[in-house]
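The basis for the numbers below is simple: all heavy atoms, side chains too, and nothing from hydrogens, waters or symmetry mates.
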Amino acid sequence: MRNFIEQIITLYPNNQLFISLDSGDAVIGTSGGIRLGPNGESGVFELIQSVGTFRQYISICSIDTITINGATYNDNITYLPAPDPALTGCCSDCDAVMRDILPVGTTGVNIVTNTQITTQGDIIENQPGMLVVNNPARNNITFVSSCRVDVAYVEPEEA
């Protein structure tokens with residue numbers, strides 16, 4: 001997730017972000033910066049609420065989705081390669097299966113990542129740890145942590 005946040009800060013500096021958290025809470029604002037912990041792996045993402053009135057600090061480890069409002073997908077976004085050797089455990093299994101179920105081009109997807117937030121649209125990227133969904137109106141993109149998907153619904157194809 002940190003890899004995407006670093007790119008969002010650069011590629012979408014003025015866009016409004018809607019971030020859903022594993023608690024079911026959500027926050028809205030524009031990108032600030034990242035403050036890394038002592039190991040440099042993760043930390044907090046600073047989000048600026050409306051015209052700099054106050055700052056929120058969101059644990060990167062708690063982020064389920066990041067929706068970029070009023071944005072189209074930027075082809076300059078890069079992804080980290082799958083780890084080698086491959087990870088094992090529940091999260092890596094869920095990531096692999098969700099990515100298999102939701103390949104690029106899957107349309108009419110509804111992804112639930114917690115009790116309150118549903119992401120809807122078409123899968124436009126499917127990378128290790130991350131699904132990218134373009135909403136039906138094509139005016140928002142959402143980065144979904146693939147191991148955080150609770151339920152995915154896919155509309156049946158018409159015969």
* Asked: What pairs with Thr119 under side chain to side chain donor-acceptor pair (under 3.5 Å), at least two apart in sequence or on another chain?
  -> none

* Structure fact -> For Asn14 and Thr30 the tightest heavy-atom approach is O-CG2, 3.9 Å

* To do: Give every residue pair that meets the salt bridge (charged side-chain N to carboxylate O under 4.0 Å, His left out) criterion with at least one member in residues 130-149, sequence neighbours excluded.
  => Asp22-Arg148, Asp64-Arg148, Asp122-Arg138

* **Under the side-chain contact (heavy atoms from CB on, under 4.5 Å) test, residues paired with Cys61 that sit two or more places apart** => Ser42, Ser59

* Report the residues that fulfil side-chain contact (heavy atoms from CB on, under 4.5 Å) with Tyr153, sequence neighbours left out, ordered by chain and then residue number. => Asn110, Val112, Val151

* **Which residues share a side chain to side chain donor-acceptor pair (under 3.5 Å) with Asp75, sequence neighbours left out** => none

* So which pairs with a foot in residues 90-104 pass salt bridge (charged side-chain N to carboxylate O under 4.0 Å, His left out), sequence neighbours left out? -> none

* Asked: Do the side chain of Glu125 and the main chain of Met130 share a donor and acceptor less than 3.5 angstrom apart?
  -> no

* Asked: Is a side-chain N or O of Asn3 found less than 3.5 angstrom from the main chain of Thr78, in a donor-acceptor match?
  -> yes

* Write down the atom of Leu17, the atom of Ser31, and the distance for their closest heavy-atom approach. => CD1-OG, 3.3 Å

* To do: Please list, chain by chain and in numerical order, all residues satisfying ring-ring contact (aromatic ring centres under 6.0 Å, His included) with Phe143, sequence neighbours excluded.
  => Phe4

* Structure fact -> Closest non-hydrogen atoms of Ile66 and Met1, given as atom of the first, atom of the second and distance, are CD1-SD, 3.9 Å

* **Glu46: partners by salt bridge (charged side-chain N to carboxylate O under 4.0 Å, His left out), with sequence neighbours left out** => Arg55

* To do: Look only at the side chain of Gln127 and the backbone of Leu80, and say whether a donor-acceptor pair between them is shorter than 3.5 Å.
  => no

* Which residues satisfy the side chain to side chain donor-acceptor pair (under 3.5 Å) test with Glu6, sequence neighbours excluded? -> Arg2

* What pairs with Asn139 under side-chain contact (heavy atoms from CB on, under 4.5 Å), at least two apart in sequence or on another chain? -> Asn135, Ala137

* Structure fact -> Going by chain and number, the hydrophobic cluster around Val44 (ILVMFWY, side chain to side chain under 4.5 Å) further includes Tyr57

* Of all heavy-atom pairs between Tyr12 and Asn74, which one has the smallest distance, and what is that distance? -> OH-N, 3.0 Å

* Asked: Quick one: does Thr67's side chain get under 4.5 Å of Ile141's, heavy atoms only?
  -> no

* Structure fact -> Cluster membership besides Val104, Ile/Leu/Val/Met/Phe/Trp/Tyr side chains within less than 4.5 angstrom, sorted by chain and number, is none

